[in-house]
Protein chains: 2
Amino acid sequence: MDLRKLRYFLTVAEERNLGRAATLLHISQPPLTRQIHQLEQELGVQLFNRTPKGMELTEAGTLLAQEARNIFSLVQQASEKTQRASQGRLGRLDIAVFGSGVLDTIPRLLLRFKQDYPEVKVVLHTMEKEEQIQALRQHRITVGFNRMLKPLPDLTSELVNRERLLLAVNENSPLATQSVIKFRELADYPMVLFSSSSRPNFVDKVMSLCYAAGFTPEITQEVGDVVTGVSLVASGFGVCLVSKSASSLSLPGVVYREISDLPENATIDLSCVFRSGDDSRLLTSFLETLRNFKREEMIGEVE
Amino acid sequence: MDLRKLRYFLTVAEERNLGRAATLLHISQPPLTRQIHQLEQELGVQLFNRTPKGMELTEAGTLLAQEARNIFSLVQQASEKTQRASQGRLGRLDIAVFGSGVLDTIPRLLLRFKQDYPEVKVVLHTMEKEEQIQALRQHRITVGFNRMLKPLPDLTSELVNRERLLLAVNENSPLATQSVIKFRELADYPMVLFSSSSRPNFVDKVMSLCYAAGFTPEITQEVGDVVTGVSLVASGFGVCLVSKSASSLSLPGVVYREISDLPENATIDLSCVFRSGDDSRLLTSFLETLRNFKREEMIGEVE
DNA sequence: GTTTCTCCATACCTTTTCTGCATGAAGACA
DNA sequence: TGTCTTCATGCAGAAAAGGTATGGAGAAAC
């Protein structure tokens, strides 16, 4: 059974007349007769009763006509969906985020993407950096978000934004009342820091800043993620250096303070990683939204 | 886009290799290549990335493959359903019953038909006799049930069963306590009867029985249907002659009694009517069940 | 009752489309 | 570099679909 035969059948079923149906189909009547006969023979079912008045549907024919309409509707949809998918406007995009990366920037970006491409289903996976790299290579995800990725040949990373460090301090700490905080002063306060296993680059960055400022920080507790870190600050474990976007995380007893003399390079980069040479249309769409988003964010910061 | 191309596409999509797919499809590789190209061109969408390892689905291709599977499943179902419909095992059968005909016999028959042909959807319509005739001629129904139809050239009627008359009497009436009731005795009791507009044949039959017995009945009330008639008996309006199947209608205060000397022809026929020469498979199926049903009912009565 | 008209079916030929064989081009792998 | 695998292309043959002419059967009109 072929779609042409089915189309012919449906037209005859609706016209109840071979001649008119043939005209509508832009063919002559005899081949149409043959195609209908063939369809009946293929199915082993009589679809029409031939009367002097025309072609009258049998019960089986009536049912097939309904089914045929469904089939054509599905075929039509399939064609349209395929075309939308080829334009990166329909489909499924698997994205990985790291534990605390879901704060601030990424949700706003994803919301923006959802507005731009409402038919794309975004599936979020929580993965740490190494897991993301593996998942990208295995095509389990298309995009990963993380911080400070070392360059890799098969993966391309693109900077999403660069945030200066902020200090999370307990509201009862003397630092909370100071109008200006210098980095050097942190030497006098215990510090909560990520464990070097979970965020080696971040730890290295903080440690090297401290060394440059001439002190070794007193680490009271190592934590695996920002939320835990900030909640320890709330409990009075010490101060904690976090990225600016983490300041959207407001816990009772915690305030965020800028450090006045932070060096230029004391920043945390949020990057977006994908397979080099991935020409997927969904990725292209996503990167387009990402670049628009960056442009608008920069304008926002300048203002 | 025709089903052949779609089948080819799906096979290639599943094999991810033109050569293997061609083997499975029992064609050689070059035509398959061309068909895939044509499909891509028709849709204006690249469905595969050609790699030295084989054919790799694009996002659009992945989506089309899913849709294609749905389409084939629907086509398969359509074919099977059509064949079942041609055997009278699937479809919709519109049946008309008269007001009180839904009592006893017809429900049992319909239940039996539902067991024999579970995939046939029976739609019941309540219509009086003349309405049924019109509906049959307009093909709005396929079968009608009614009582005592006069012969018509374009409609065939088949006897379903023949029921003797029963007398519905109020439990307080002297007749209720009598062991034997003779027809002649009805002359002394007021009677509830159908109006001659709703059941002319039934009224004629009762009146002629009374005349033959030598009396004219005192009609206290004319009613349109059995249920009303029997409820008037319950209220003490008089006695009412009903068909045996109506006795399944039990109302408080009403008992049913046989009449000992009822003539042979004092019967009510339940007939089934359909268009003469209707060769619909559903009707054939229905009549087959009906005849089996009649056979079993007769055996039941003999026992 | 015959004619005419309207349908669908069949015969025969033409045209299009698909298929197979042979072969080419390009990247992977040893 | 040679070989292997994979997809792409040219050309001829086969199959399927389409067109024209015509037949046959029933309904409607005269």
Side-chain angles (χ1 to χ4, degrees), chain A residues 1-43 45-58 60-61 64-65 137 153-154 275-279, chain B residues 1-43 45-58 60-62 64-65 137 139 153-154 275-279:
Chain A
M1 187 185 341
D2 171 5
L3 286 185
R4 191 191 323 105
K5 280 201 182 62
L6 213 56
R7 166 74 60 202
Y8 287 1
F9 161 73
L10 193 55
T11 307
V12 175
E14 280 167 355
E15 291 300 317
R16 288 171 157 69
N17 177 309
L18 276 177
R20 279 202 303 279
T23 308
L24 285 177
L25 293 166
H26 306 294
I27 60 171
S28 63
Q29 171 260 317
L32 186 53
T33 298
R34 273 196 299 271
Q35 296 286 339
I36 299 293
H37 280 167
Q38 279 177 25
L39 182 59
E40 288 184 324
Q41 204 151 12
E42 265 178 50
L43 293 170
V45 170
Q46 193 176 343
L47 300 170
F48 293 100
N49 289 319
R50 276 73 170 174
T51 74
K53 284 176 208 143
M55 306 284 274
E56 189 181 69
L57 279 172
T58 61
L64 184 60
R137 287 184 175 146
D154 59 337
R275 287 181 292 277
S276 309
D278 184 345
D279 59 351
Chain B
M1 173 170 14
D2 76 23
L3 287 184
R4 191 191 330 106
K5 279 200 182 65
L6 213 55
R7 165 74 61 200
Y8 286 2
F9 161 73
L10 192 56
T11 307
V12 174
E14 280 168 355
E15 291 301 317
R16 291 173 155 66
N17 177 308
L18 277 177
R20 279 203 303 278
T23 308
L24 286 176
L25 293 164
H26 305 294
I27 60 170
S28 64
Q29 171 261 317
L32 186 53
T33 298
R34 275 193 292 269
Q35 295 288 338
I36 298 293
H37 279 167
Q38 280 177 25
L39 182 59
E40 288 184 323
Q41 205 151 12
E42 264 178 50
L43 293 170
V45 170
Q46 192 174 343
L47 299 170
F48 293 101
N49 290 319
R50 277 74 170 171
T51 73
K53 283 177 209 144
M55 305 285 274
E56 190 180 69
L57 279 172
T58 61
T62 308
L64 183 61
R137 287 185 174 144
H139 288 69
D154 60 338
R275 287 181 292 278
S276 308
D278 185 346
D279 59 350

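- Rounded to an integer number of Å, the gap from CZ of A:Arg7 to P of D:dG18 is 14 Å.
- Atom pair A:Glu40:CD and C:dC8:C1' shows a separation of 12 Å (rounding to whole Å applied).
- Using a 4.0 Å heavy-atom distance criterion, B:Phe48 is classed as making no nucleic acid contact.
- Summarising the geometry of B:Gln46 relative to B:Ala60, their closest heavy-atom pair is O-CB, 4.3 Å, with the distance given to 0.1 Å.
- We find that CD of A:Gln41 is positioned 13 Å from P of D:dA16, with the value rounded to whole Å.
- Atom NE2 in B:His37 sits about 18 Å away from atom C1' in C:dT17, given to the nearest Å.
- Computed from coordinates, the B:Ile36 CD1 to D:dT6 P distance equals 16 Å when rounded to whole Å.
- Interface remark: the A:Gln35 side chain does not form any donor-acceptor pair with the D:dA17 base, using a distance-only criterion of under 3.5 Å.
- In terms of modelled atom types and a separation under 3.5 Å, the side chain of B:Gln35 and the main chain of B:Lys5 share no donor-acceptor contact.
- Under 3.5 Å, the side chains of B:Glu15 and B:Thr11 contain no donor-acceptor pair of N or O atoms.
- Distance from the side chain of A:Ile27 is smallest to D:dG19 among D:dC7, D:dG19, C:dA9.
- In terms of phosphate contacts, B:Arg34 brings no side-chain nitrogen or oxygen within less than 4.0 Å of OP1 or OP2 of C:dC18.
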Which atoms of nucleotides 24-30 of chain D (N or O only) lie under 3.5 Å from a protein N or O atom, and what are those distances?
none

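- Both A:Asp2 and A:Pro30 sit near DNA chain D, but only A:Asp2 has its closest nucleotide nearer the 5' end.
- In terms of modelled atom types and a separation under 3.5 Å, the side chain of A:Glu40 and the main chain of A:Leu47 share a donor-acceptor contact.
- Under the 4.0 Å criterion applied to side-chain N and carboxylate O atoms, B:Asp154 and B:Arg137 are assigned as salt-bridge partners.
- Within the 4.0 angstrom heavy-atom criterion, only backbone atoms of the sugar-phosphate kind lie near A:Gln38; the bases stay farther away.
- Candidate nucleotides C:dC8, D:dA17, D:dC7 were compared by shortest atom distance to the side chain of A:Gln29, and C:dC8 ranks first.
- Between the side chain of A:Arg16 and the backbone N or O of A:Ala13 there is at least one donor-acceptor pair closer than 3.5 Å.
- In this structure, B:Arg20 contributes its side chain and B:Leu18 its backbone to no donor-acceptor pair below 3.5 Å.
- D:dG19 atom P lies 10 Å from atom CG of A:Leu25, rounded to whole Å.
- Atom-to-atom, CZ of B:Arg50 to C1' of D:dT9 comes out at 14 Å; the value is rounded to the nearest Å.
- As rounded to whole Å, 15 Å separates atom C1' of C:dG27 from atom CG of B:Asn49.
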